Chemist: 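Sending over a structure as structure tokens; questions will come in a sec.
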Amino acid sequence: MSATVKSGQDTEQTRTKGAGRGRGAGAARRIRMVRTKGGLSLRLEPRALWTSLLLLALALAAGVALIGSGDYPMTPAEVIATLTGGGDPGQRFIVQDLRLPRVLVGLLVGAAFGISGAVFQTVSRNPLGSPDVLGFAQGSSVGALVVIVFFQGGGFAVAAGAVVGGLVTGLALFLLAWQRGIHGNRFVLVGIGAGAMLYAMVLYLLTKANIIEATRATTWMTGSLNGRDWDQVWPPAAVCAVLVPLLLCHGRALRMLEMGDDAAAALGVRVDRVRIVVLIAAVVLVAVATAAAGPISFVALSAPQLARRLTLPRCLNGAGGAPLTGPNLLPSALMGAALLVAADWSSQRLFGADQLPVGVLTGVLGGGCLLWLLATERRAGRT
């Protein structure tokens, strides 16, 4: 059923589509197309929009709660008043200089992991195709460990080494997986093999380090937001400001790629160009996010899957019920931000005097999410 409403030079078309039957269940989805007089069109899915707004509210609420936590607790009202220019000098120092950078790094890193995970899973057409599985985190760890073990570099040098390691890993994976284009299964298999080799290199570098360097390297590899200041905020903020809008602009092309290269090309998508652009952007996001907070595990794997289920994905009939979910880039980014900040708050508040690095908690929860995802795929007959 469709209806068209015209007002002046603007046209709004609302269509109700029945969702395909995945595992025998489906629901109607309403998709709204808005066209402006300048020829710009915007595709709106109300459920995805409301889900994004809810996730944004949850991420901001978790950020306020995290700012108010610590040895000097503050109520949410005091935090908001201080952020808007109120509060006494002591509160302004605690919020603006000590706690706000940590929260901003968490939001930016979580968003970067979430949206990059959605890109990798969409391009590979595999729910396991995330940076955690494909070796990018291990590549960044190798770069950081080389700086720590052989050069005794400071924080900036370690971050630069992590970025270089992630980018070199991405380039190597592209070259190894390229065969008249990059295809999903080959990219995933190459990434898994590269991840295993890079992890072996991480273990080797740890054996070459002295006790102080090994402790520092292990702490970095765990993934943590402790001690973050404004110097760690600006690099991920600048990268996200450029690359997140770029990826959102490629959302339609990524949705077409999920149907296969031939179908996407028939619909006017320049398959190889789009795939290379979005993968490079995702690799840079992962590298910079890892440099800012360490290789925090499983956020990139979990956030896109949770976002897709909240936005009621459609499914293809046939082909084993393979999901045609669309990339859900914005919900995935917001889900990643909310997950990471909420996990950081939980790691500080739920274990008494023992404050865990956030990477420990995301690893435990992400491992459970991975088992749940494998069980889901097995029941659906896709593994």
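Everything quoted here is computed from the prediction, not taken from an experiment. Throughout, residue positions are numbered sequentially from 1 according to the sequence presented.
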Chemist: Okay, side chain of Ser302, backbone of Val299: is any donor-acceptor separation there less than 3.5 Å?
Modeler: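 Pair absent, no side-chain N/O of Ser302 close to backbone of Val299.
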Chemist: Please identify each residue that fulfils ring-ring contact (aromatic ring centres under 6.0 Å, His included) with Trp230, with sequence neighbours left out.
Modeler: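 Scan of Trp230 (ring-ring contact (aromatic ring centres under 6.0 Å, His included), adjacent residues dropped) gives Trp234.
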Chemist: Please name all residues satisfying side chain to side chain donor-acceptor pair (under 3.5 Å) with Ser130, sequence neighbours left out, ordered by chain then number.
Modeler: Asp132
Chemist: Count I, L, V, M, F, W, Y as connected when their side-chain heavy atoms are under 4.5 Å apart, and connections chain through other members. Are Val277 and Leu167 then in the same cluster?
Modeler: yes
Chemist: For Ile280 and Phe174: C-alpha separation, side-chain torsions, deciding distance, then whether side chain to side chain contact (heavy atoms under 4.5 Å, CB included) applies.
Modeler: CA-CA 9 Å; Ile280 290 175; Phe174 291 158; 4.0 Å; yes
Chemist: Where do Val163 and Ala291 come nearest, in terms of heavy atoms and distance?
Modeler: CG2-CB, 3.6 Å
Chemist: List the atom pairs, with distances to 0.1 Å, where a side-chain N or O of residues 133-148 and a protein N or O form a donor-acceptor pair under 3.5 Å, not counting sequence neighbours.
Modeler:
{"residue": "Ser140", "atom": "OG", "partner": "Phe136", "partner atom": "O", "Å": "3.3"}
{"residue": "Ser140", "atom": "OG", "partner": "Ala162", "partner atom": "O", "Å": "3.2"}
{"residue": "Ser141", "atom": "OG", "partner": "Ala137", "partner atom": "O", "Å": "2.9"}

Chemist: Does Met201 share a hydrophobic cluster with Phe150, counting links as ILVMFWY side-chain heavy atoms below 4.5 Å and allowing steps through other members?
Modeler: yes
Chemist: Could you pull out all residues at least two apart from Val109 that satisfy side chain to side chain contact (heavy atoms under 4.5 Å, CB included)?
Modeler: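 Counting only residues at least two positions away or on another chain, Val109 forms a side chain to side chain contact (heavy atoms under 4.5 Å, CB included) with Val105, Phe113, Ala289, Ala292, Ala293, Leu340.
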Chemist: Would you name the heavy atoms of Val286 and Ser116 that are closest together and state the gap between them?
Modeler: CG2-OG, 3.2 Å
Chemist: Can you tell me how far the CG atom of Leu339 sits from the CG atom of Leu306, to the nearest 0.5 Å?
Modeler: 6.0 Å
Chemist: How about CD1 on Ile211, more than 12 heavy atoms from neighbouring residues, nucleotides or ligands closer than 6.0 Å, or not?
Modeler: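 Incorrect, the count does not exceed 12.
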Chemist: Output the distance between atom CD1 (Ile67) and atom CG (Leu98), rounded to the nearest 0.5 Å.
Modeler: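 Those atoms lie 11.5 Å apart.
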Chemist: Got a sec, which pairs hit salt bridge (charged side-chain N to carboxylate O under 4.0 Å, His left out) with one end in residues 86-115, sequence neighbours left out?
Modeler: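 Every pair satisfying salt bridge (charged side-chain N to carboxylate O under 4.0 Å, His left out) with a residue in residues 86-115: Arg102-Asp344.
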Chemist: Can you sort out the partners of Ala281 under side chain to side chain contact (heavy atoms under 4.5 Å, CB included), two or more places apart, ordered by chain and number?
Modeler: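 Checked Ala281 against side chain to side chain contact (heavy atoms under 4.5 Å, CB included); matches are Leu243, Leu246, Leu247.
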Chemist: Report yes if some heavy atom in the side chain of Gln348 is under 4.5 Å from a heavy atom in the side chain of Leu66; otherwise report no.
Modeler: yes
Chemist: Spell out, yes or no, whether Met221 and Met197 are grouped together once hydrophobic residues are joined by side-chain heavy atoms under 4.5 Å, including indirect joins.
Modeler: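 No: no chain of side-chain contacts under 4.5 Å links Met221 to Met197.
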Chemist: Listed by chain and number, what are the side chain to side chain donor-acceptor pair (under 3.5 Å) partners of Ser52, not counting sequence neighbours?
Modeler: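 Ser52 satisfies side chain to side chain donor-acceptor pair (under 3.5 Å) with no residue once adjacent residues are dropped.
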Chemist: Rounded to the nearest 0.5 Å, what separation is found between the CG atom of Leu310 and the CG atom of Leu54?
Modeler: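 CG of Leu54 is found 8.0 Å from CG of Leu310.
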Chemist: Please report the shortest heavy-atom distance between Pro304 and Ala118, naming the atom on each side.
Modeler: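 Smallest heavy-atom distance, with atoms named: CG-N, 3.3 Å.
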Chemist: Within a radius of less than 6.0 Å around CG of Leu175, do more than 12 heavy atoms belonging to other residues, nucleotides or ligands occur?
Modeler: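 Correct, the count exceeds 12.
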Chemist: Going hydrophobic residue to hydrophobic residue with side-chain gaps under 4.5 angstrom, can you get from Ile192 over to Val283?
Modeler: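 Looking at the clustering, Val283 is in the same group as Ile192.
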Chemist: Determine the minimum heavy-atom distance between Ala217 and Leu206, stating which atoms define it.
Modeler: CB-CD2, 3.9 Å
Chemist: List the atom pairs, donor and acceptor, that lie under 3.5 Å between side-chain atoms in residues 356-366 and the rest of the protein, sequence neighbours left out.
Modeler:
{"residue": "Thr362", "atom": "OG1", "partner": "Ser297", "partner atom": "O", "Å": "3.2"}
{"residue": "Thr362", "atom": "OG1", "partner": "Val358", "partner atom": "O", "Å": "3.3"}
{"residue": "Thr362", "atom": "OG1", "partner": "Gly359", "partner atom": "O", "Å": "3.1"}

Chemist: Under the side chain to side chain contact (heavy atoms under 4.5 Å, CB included) rule, collect the residues that match up with Val244, sequence neighbours excluded.
Modeler: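 Only Ile115, Cys240, Leu248 meet the side chain to side chain contact (heavy atoms under 4.5 Å, CB included) criterion with Val244.
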Chemist: Would you call Phe151 and Val158 a side-chain contact if the rule is heavy atoms closer than 4.5 Å?
Modeler: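 Contact flag for Phe151/Val158 side chains = no.
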Chemist: Please identify each residue that fulfils side chain to side chain donor-acceptor pair (under 3.5 Å) with Asp229, with sequence neighbours left out.
Modeler: none
Chemist: Minimum heavy-atom separation for Ala253 and Val274, please, with both atom names.
Modeler: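 For Ala253 and Val274, the tightest heavy-atom pair comes out as CB-CG1, 3.8 Å.
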Chemist: So, using side chain to side chain contact (heavy atoms under 4.5 Å, CB included) as the criterion, who are the partners of Thr75 when residues are at least two apart?
Modeler: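 Once residues adjacent in sequence are excluded, the partners of Thr75 under the side chain to side chain contact (heavy atoms under 4.5 Å, CB included) criterion are Ala77, Glu78.
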Chemist: Quick one: CG on Leu225 to CG on Leu104, what's the gap to the nearest 0.5 Å?
Modeler: 11.0 Å
Chemist: What's the shortest heavy-atom distance between Gly106 and Val341, and which atoms?
Modeler: C-CG2, 3.9 Å
Chemist: If you round to the nearest 0.5 Å, how far is CG of Leu83 from CD of Gln96?
Modeler: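 Separation between the atoms: 7.5 Å.
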Chemist: Working to the nearest 0.5 Å, report the span between CZ of Phe298 and CD of Gln305.
Modeler: 13.0 Å
Chemist: Between Asn328 and Met335, does a side chain to side chain contact (heavy atoms under 4.5 Å, CB included) hold up when you go through it step by step?
Modeler: CA-CA 10 Å; Asn328 277 336; Met335 176 64 78; over 6 Å; no
Chemist: Applying side chain to side chain donor-acceptor pair (under 3.5 Å), name anything that partners Ser69, two or more places apart in sequence or on another chain.
Modeler: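 If we apply the side chain to side chain donor-acceptor pair (under 3.5 Å) test to Ser69, skipping adjacent residues, the hits are Trp345.
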Chemist: Given the rule that I, L, V, M, F, W and Y join up when any side-chain heavy atoms are under 4.5 Å apart, are Val288 and Trp220 in one cluster?
Modeler: no
